[in-house]
Amino acid sequence: MAKQLKVAGEVDSWCTRCRLILNHRIVSMKSGKAHQVECLTCRATHLWRGNVPGERPGAGAGASERPRATASGGTARTPRVSAAVRHEQTWEHALNGRGVHEFKAYSVGASFQEGDYVRHKKFGDGVVTRVIDGHKVEVLFRDEARTLAQSMN
């Protein structure tokens with residue numbers, strides 16, 4: 001028997017920030033279905049999505065019966081989602097086991113070398129993957145690699 005959905009109840013949903021099917025709290029309902037949800041992992045609020053983007057819903061499958069997508073494998077995903085998961089795994093591997101003291105605070109005036117660990121106020125923790133030139137570096141962050149300025153005194 002399917003569990004009755006209600007506001008403040010929990011439901012599985014695709015999280016647009018985490019990019020996984022995760023447990024969410026129902027914020028609002030529409031026509032007896034979850035409408036807006038809050039991810040219990042990252043606290044992002046978004047519309048309820050019962051499927052991985054690009055995946056067709058199973059015939060007659062309820063939200064609790066849908067397969068879960070996990071970072072280690074699982075259900076079929078679109079190539080874009082797979083690339084995002086691979087990117088995040090690369091980032092996690094690069095930063096695995098690093099202590100807080102190993103990160104340099106990012107500023108445009110600082111100078112970085114390949115392999116330096118950077119803490120950016122907006123993008124979070126990252127690792128310098130290459131020095132483009134004397135004033136630019138590429139840094140791998142959790143969501144994507146970014147080109148940042150350096151040595152701009």
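Quick caveat, the model's predicted, so the values are computed rather than measured. Both backbone and side-chain heavy atoms feed into the values below; hydrogens, waters and symmetry mates do not.
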To the nearest 0.5 Å, how far apart are [atom1] in [X] and [atom2] in [Y]?
X    : Y    : atom1 : atom2 : value
R43  : C18  : CZ    : SG    : 11.0 Å
Y106 : D116 : OH    : CG    : 13.0 Å
C15  : L40  : SG    : CG    : 10.0 Å

Work out which heavy atom in [X] is nearest to a heavy atom in [Y]; give both atom names and the distance.
X    : Y    : value
A34  : V37  : CB-CG1, 4.3 Å
I21  : G50  : CD1-O, 4.0 Å
L22  : C39  : CD1-SG, 4.0 Å
E114 : V131 : N-CG2, 3.8 Å

- Task: Run the salt-bridge test on R19 and E88 with the 4.0 Å N-O cut-off and return the result as yes or no.
- Result: no

- Could you tell me whether R25 and E10 have a side-chain N and a carboxylate O separated by less than 4.0 Å? yes

With a 4.5 Å cut-off on side-chain heavy atoms, are [Y] and [X] touching?
X    : Y    : value
D12  : N23  : yes
V128 : V118 : yes
Q113 : V137 : no
L47  : R49  : yes
V127 : L95  : yes
E92  : R142 : yes
D125 : F103 : yes

- List the steps and the verdict of side chain to side chain contact (heavy atoms under 4.5 Å, CB included) for Q150 and V108. CA-CA 5 Å; Q150 71 164 346; V108 294; over 6 Å; no

- Message: Apply side chain to side chain contact (heavy atoms under 4.5 Å, CB included) to residues L5 and K33 and explain how you reach the verdict.
- Response: CA-CA 7 Å; L5 296 179; K33 295 183 180 182; 5.7 Å; no

- Test item: R146 side-chain N/O and E144 main-chain N/O as donor-acceptor pair under 3.5 Å: no

- May I ask you to decide if S111's main-chain N or O and K104's side chain share a donor-acceptor pair within less than 3.5 Å? yes

- Message: Quick check: is V27 connected to W48 through a chain of hydrophobic side chains (ILVMFWY, heavy atoms under 4.5 Å apart)?
- Response: no

- Would F123 and M152 show up in the same hydrophobic cluster when neighbours are defined by side-chain heavy atoms closer than 4.5 Å? yes

- Item | Derivation of the side chain to side chain contact (heavy atoms under 4.5 Å, CB included) call for H120 and F141 | CA-CA 9 Å; H120 193 281; F141 291 106; 3.8 Å; yes

- Task: Report the relative orientation of the aromatic rings in H46 and H24; use parallel for angles under 30°, tilted for 30 to 60°, perpendicular for over 60°.
- Result: perpendicular

- Message: Just by distance, no angles: are the side chains of E138 and T147 close enough, under 3.5 Å, to form a donor-acceptor pair?
- Response: no

